[in-house]
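Notes follow once the structure below has been shown.
In what follows, every heavy atom counts, from backbone to side chain, and hydrogens, waters and symmetry copies are set aside.
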Amino acid sequence: GEDVEQSLFLSVREGDSSVINCTYTDSSSTYLYWYKQEPGAGLQLLTYIFSNMDMKQDQRLTVLLNKKDKHLSLRIADTQTGDSAIYFCAESPGLFGNEKLTFGTGTRLTIIP
Amino acid sequence: NAGVTQTPKFRVLKTGQSMTLLCAQDMNHEYMYWYRQDPGMGLRLIHYSVGEGTTAKGEVPDGYNVSRLKKQNFLLGLESAAPSQTSVYFCASSYPRTVDTQYFGPGTRLTVL
């Protein structure tokens, strides 16, 4: 079946850029998502990218997709303490994107003052 | 709008007891999902529903049953709880056939002793 992998932990100094990486195995993935989970809360969508795109930028967030290597990354510029959370990447093979998402293990981002 | 709500927020069960988790959404979404979240394993899909009166198995359905009698509600049942079902359970909902995100509830933390 589909598999999505992430590193479990990342520590970054406040003001630096954070780069969270994700690899996936399903070559038929059509949409790839990044979700954020703050302590004690559910998941919130940060951004998504369609598989025919290489990059998507949204304010401090930059998503890069290397479809050949099945590698997805999320860059957070000027990381702030409020960015401390668990970040999940997810992929969907569905034609319309939001069906039966497969999630990665999540990366816990810790901000060092 | 309340979005997606889950009841209860916390629960402790003894092995062999039964319980039902309730998920409710007020966004008129067709699709609803139940996930479990375990440390280092991300979110895994238990069951999902693509409409009122329909349910389907996800990745880890064993030991759980679901019902979708009303469009706005999706119930997850544990008939005979086991310690392996200790987890955080998330419900989500979404529109069908759209890239729109899945909207998540705040989660239910279940401990089975």
### Task
Of all the heavy-atom pairs spanning B:Q102 and A:Y35, show the shortest one and how long it is.
N-OH, 3.4 Å

### chain A interface, residue from B:E59, B:R109, B:R44, B:Q37 that has the most non-hydrogen pairs under 4.5 Å
B:Q37

### Message
Would you compute the distance between atom CZ of B:F104 and atom CG of A:L45 and round it to the nearest 0.5 angstrom?
### Response
9.5 Å

### Message
Do A:F103 and B:M41 make a side-chain contact, defined as non-hydrogen atoms from C-beta onward lying under 4.5 Å apart?
### Response
no

### Message
Run the side chain to side chain contact (heavy atoms under 4.5 Å, CB included) test on B:L43 and A:T102 for me, step by step, so that the C-alpha distance in whole Å, both residues' side-chain angles and the decisive distance to 0.1 Å come before the verdict.
### Response
CA-CA 8 Å; B:L43 273 75; A:T102 299; over 6 Å; no

### Over 12 foreign heavy atoms within 6.0 Å of CZ, A:R60
yes

### Message
Check for me, please, whether B:I46 and B:Y31 land in the same ILVMFWY cluster - side-chain distances under 4.5 Å, paths through other members count.
### Response
no

### Message
Under 4.5 Å between side-chain heavy atoms, counting indirect links through other Ile/Leu/Val/Met/Phe/Trp/Tyr residues: same cluster for A:V12 and A:I76 or not?
### Response
yes

### Message
Can you tell me which portion of A:Q44 sits under 4.5 Å from chain B's heavy atoms? Options are side chain, backbone, both or neither.
### Response
neither

### Task
Output the option from A:R108, A:Q37, A:Q6 having the highest count of non-hydrogen pairs under 4.5 Å with chain B.
A:Q37

### Message
Side-chain heavy atoms nearer than 4.5 Å, only ILVMFWY residues, links allowed to pass through others: does that put B:V12 and B:L78 together?
### Response
no

### Message
Does any part of the side chain of B:Y103, heavy atoms only, come nearer than 4.5 Å to the side chain of A:L43, both counted from C-beta?
### Response
no

### Query
Should the heavy atoms of other residues, nucleotides or ligands under 6.0 Å from CD of B:E79 be counted, would the total exceed 12?
no

### Task
Check the hydrophobic clustering (I, L, V, M, F, W, Y; side-chain heavy atoms under 4.5 Å; chains of links allowed) and say if A:F50 and A:L32 are grouped together.
yes

### Task
Side chain from CB out, backbone as N, CA, C, O: work out which of these in A:L8 comes under 4.5 Å of a heavy atom of chain B, or both, or neither.
side chain

### Query
Is it true that B:F90 and B:V66 fall in one hydrophobic cluster, defined by side-chain heavy atoms closer than 4.5 Å?
no

### Task
Pick one of side chain, backbone, both or neither for B:Q6, based on which atoms fall under 4.5 Å of a heavy atom in chain A.
neither

